[in-house]
Amino acid sequence: YHSVMEHISFSSGMKSVDEIKRFIDSLAEADILSPEQAECVDPAKIKAFLDSEIGRRAADSRELHKEASFVMKHEHEGHGVLVQGTIDCYFEEDGEYVLLDYKSDHIDRDNEAQSYDRLKESYMPQLALYKEALEKISGRRVKETVLYLFSTDKALYLQE
């Protein structure tokens, strides 16, 4: 999913699952994805993201960044440590940034609320570091942090 999201244009106008499937197949033909990886990506899940509120906001942004790698110094328990990571996506909105991270974790359909809470708790430290890095590097405020879950086609808006 990450490779597809890195290469697909959010504002390309691909509206059908068939168009997205052809795009995924083209990534395999270009050796960006293996045939096995391409087979694992559900084009309907990509379409659901592109049609989602957060997907449309990202597509409408005049400044969209994907797979942005960083290295920063971070204070942890009184010690400076180097942290490196790759931000899946961020985009500008009203002069500030929205940080977007994609996940494909399984969600227990019988306990969805608990699963969402567990994911938020689990990924909050990672996203707090991404937010810190983006703010330090860009000098702009990150106004919103969002987890997008491909397993349920749902965006989780995180509070710090």
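Counting begins at 1 with the first residue of the sequence. Predicted model, so just to flag it, every value in this text is computed and none were measured. For the numbers below, each heavy atom of this structure counts, side chains included, while hydrogens, waters and symmetry mates do not.
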Query raised in the report: At their closest point, which heavy atom of A38 faces which heavy atom of A28, and how far apart are they?
Result: CB-CB, 3.9 Å
**Report entry** From CA spacing to verdict: side chain to side chain contact (heavy atoms under 4.5 Å, CB included), Q114, D117
**Finding:** CA-CA 5 Å; Q114 289 174 327; D117 289 343; 5.6 Å; no
Query - Heavy-atom side-chain contact between V83 and F70 under 4.5 Å - result: yes
Query raised in the report: Going by the angle between their ring planes, with limits at 30° and 60°, are Y97 and Y90 parallel, tilted or perpendicular?
Result: perpendicular
Report task. For A155 and V146, work out which heavy atoms get closest and say how close. Result -> CB-CG1, 3.8 Å
Query raised in the report: Atom CD1 of I46 and atom CD1 of I20: how far apart are they, to the nearest 0.5 Å?
Result: 7.0 Å
Query raised in the report: Charged N to carboxylate O under 4.0 angstrom, D88 versus K66?
Result: no
Query raised in the report: Is there a donor-acceptor contact under 3.5 Å from the side chain of E121 to the main chain of R118?
Result: no
Query raised in the report: Just wondering, do F150 and D42 contact through their side chains at under 4.5 Å, heavy atoms?
Result: no
Query raised in the report: Looking at L27 and S3, what are the two nearest heavy atoms and their distance?
Result: CD1-O, 4.4 Å
Query - For the student: nearest non-hydrogen atoms of V98 and E93, plus distance - result: CG2-OE1, 3.8 Å
Report task. Evaluate the side chain to side chain contact (heavy atoms under 4.5 Å, CB included) criterion for residues V4 and L33: first the C-alpha distance (whole Å), next the side-chain angles of each, then the deciding distance (0.1 Å), finally the verdict. Result -> CA-CA 8 Å; V4 173; L33 295 176; 3.8 Å; yes
Query raised in the report: Does K45 make a cation-pi contact with Y1, if we ask for NZ or CZ under 6.0 Å from the ring centre and within 45° of the axis?
Result: no
Report summary line: What one should report as the nearest heavy-atom pair of H76 and V81 is CB-CG2, 4.1 Å
Query raised in the report: Given the side-chain rings of F49 and F10, with only the six-membered ring counted for Trp, is the space between their centroids under 6.0 Å?
Result: yes
Query raised in the report: Does S122 reach the main-chain N or O of L119 with its side chain, forming a donor-acceptor pair under 3.5 Å?
Result: no
**Report entry** Close side-chain approach of L82 to M72, heavy-atom, < 4.5 Å
**Finding:** no
Query raised in the report: Is there a side chain to side chain contact (heavy atoms under 4.5 Å, CB included) between H7 and I32 once you walk through the steps?
Result: CA-CA 9 Å; H7 291 91; I32 294 169; 3.5 Å; yes
Report task. Considering non-hydrogen atoms only, spot the tightest contact between G80 and K73 and give its length. Result -> CA-CE, 3.8 Å
Query - L64 vs C89, side chain to side chain contact (heavy atoms under 4.5 Å, CB included): CA-CA, chis, key distance, verdict - result: CA-CA 7 Å; L64 174 69; C89 179; 3.5 Å; yes
Query raised in the report: Under a 4.0 Å N-O cut-off, is there an ion pair linking K21 with D25?
Result: yes
Query - Aromatic Y123 / basic K103 pairing, under 6.0 angstrom, 45° off normal - result: yes
Report task. Count the heavy atoms belonging to other residues, nucleotides or ligands that lie under 6.0 Å from CD of E19, then report whether that count exceeds 12. Result -> yes
Query raised in the report: Just wondering, more than 12 heavy atoms not from E75 lying within 6.0 Å of its CD?
Result: yes
Requested in this report: State, with a plain yes or no, whether a side-chain heavy atom of F91 is found less than 4.5 Å away from one of H65.
Outcome: no
Query raised in the report: Are R140 and E63 ion-paired here, with the side-chain N under 4.0 Å from a carboxylate O?
Result: yes
Query - Heavy-atom side-chain proximity of L149 to T152 below 4.5 angstrom - result: yes
**Report entry** E135 and R141 ion-paired at < 4.0 Å
**Finding:** no
Requested in this report: Mark yes or no for whether D94, through its side chain, and E96, through its backbone, hold a donor-acceptor pair below 3.5 Å.
Outcome: no
Query raised in the report: Between R22 and D18, does at least one N-O distance fall below 4.0 Å, as a salt bridge requires?
Result: no
Query raised in the report: Below 6.0 angstrom between ring centroids: does that apply to Y102 and H2?
Result: yes
Query raised in the report: Does one side chain, of T86 or Y130, offer a donor that lies under 3.5 Å from an acceptor on the other?
Result: no
Query raised in the report: Would you call E144-K131 a salt bridge at under 4.0 Å N-O?
Result: no
